[in-house]
Amino acid sequence: MIRLTLTAALALALAAAPVMAQTAPPAAANAQPGSEEWLRIRGEMYNRAPDSEQDPAELAATARLNAEIAARNAAAAEAETEAAASWEDQNARWRAETARLETERAQWEANAAAARAAQAQWERDNAAWEAEMEACRRAGRVCLTAAPQRY
């Protein structure tokens with residue numbers, strides 16, 4: 001039991017070691033993120049050279065790359081906007097088609113119900129006519145009553 005507890009404690013300590021190593025010292029909590037003090041506490045340094053020492057070719061290359069990135073981002077945003085608008089149009093068409101089909105289905109069901117009701121009425125009328133004809137024949141009379149019409 002003690003061995004299992006020690007093993008579990010060791011495993012927990014090993015799992016927490018990377019997190020503890022990455023945690024900034026308490027002084028970093030007071031430093032503004034990105035400030036020189038914050039970078040120094042984290043062991044990083046950033047010293048921007050004055051404009052007079054900047055390489056014009058490097059500045060031009062950086063500006064060109066930044067412009068390309070901005071252009072790609074703008075094109076991607078435009079493509080995303082167009083795709084969203086296209087999806088909205090297709091979704092609206094799908095909803096309209098679905099509504100039309102639902103209306104047609106409801107009409108078909110109403111027509112089918114009316115046809116079933118008409119069939120049932122005709123069967124009742126026909127059964128009554130056949131019973132009337134049978135009674136007429138049993139009475140020995142000539143029966144001239146017309147058969148029920150189909151609807």
Side-chain angles (χ1 to χ4, degrees), residues 1 3-39 41-44 46 48 54 57-151:
M1 179 75 172
R3 188 174 183 175
L4 180 62
T5 305
L6 289 175
T7 304
L10 181 61
L12 183 60
L14 288 174
V19 174
M20 296 298 283
Q22 292 178 2
T23 304
N30 297 333
Q32 188 74 352
S35 68
E36 286 200 32
E37 178 187 359
W38 184 79
L39 290 171
I41 291 170
R42 294 180 50 112
E44 300 175 18
Y46 176 72
R48 184 179 185 281
Q54 297 287 336
E58 187 177 337
L59 289 175
T62 301
R64 188 176 58 255
L65 289 173
N66 287 343
E68 289 174 9
I69 291 169
R72 281 196 306 260
N73 288 347
E78 184 178 338
E80 183 178 353
T81 301
E82 289 172 2
S86 173
W87 183 87
E88 288 294 336
D89 290 345
Q90 291 174 6
N91 190 35
R93 283 194 300 275
W94 176 80
R95 288 183 186 280
E97 179 68 7
T98 300
R100 185 187 66 76
L101 291 173
E102 284 296 317
T103 301
E104 285 182 9
R105 183 190 56 78
Q107 184 61 53
W108 181 86
E109 288 177 358
N111 292 345
R116 286 190 301 273
Q119 177 70 28
Q121 183 62 49
W122 181 86
E123 288 172 0
R124 285 190 299 275
D125 292 347
N126 193 49
W129 176 78
E130 285 178 0
E132 185 181 334
M133 290 297 101
E134 184 60 32
C136 182
R137 276 188 232 110
R138 270 192 254 132
R141 298 189 319 242
V142 176
C143 304
L144 299 176
T145 305
Q149 298 294 313
R150 284 253 177 202
Y151 301 108

Listed once per pair and sorted, the salt bridge (charged side-chain N to carboxylate O under 4.0 Å, His left out) pairs that draw on [range], sequence neighbours left out:
range            : value
residues 90-112  : Glu97-Arg100, Arg100-Glu104, Glu102-Arg105, Arg105-Glu109
residues 133-144 : Glu134-Arg137, Glu134-Arg138
residues 71-84   : none
residues 60-70   : none

Check your understanding: Rounded to the nearest 0.5 Å, how far does OG1 of Thr62 lie from CD of Glu58?
Key -> 5.5 Å
Review point. To the nearest 0.5 Å, what is the distance between CE (Met133) and CG (Asn126)?
Key: 11.0 Å
Check your understanding: Where do Gln107 and Thr103 land on the side-chain contact (heavy atoms from CB on, under 4.5 Å) test, with the steps shown first?
Key -> CA-CA 6 Å; Gln107 184 61 53; Thr103 301; 5.6 Å; no
Point to revise | For Trp94, side chain to side chain contact (heavy atoms under 4.5 Å, CB included) partners two or more places apart | key: Asn91, Thr98
Point to revise | Pairwise disulfide (SG to SG under 2.5 Å) hits with a residue in residues 82-130, at least two apart | key: none
Check your understanding: Just by distance, with hydrogens left out, do Glu123 and Gln119 show a side-chain donor and acceptor under 3.5 Å apart?
Key -> yes
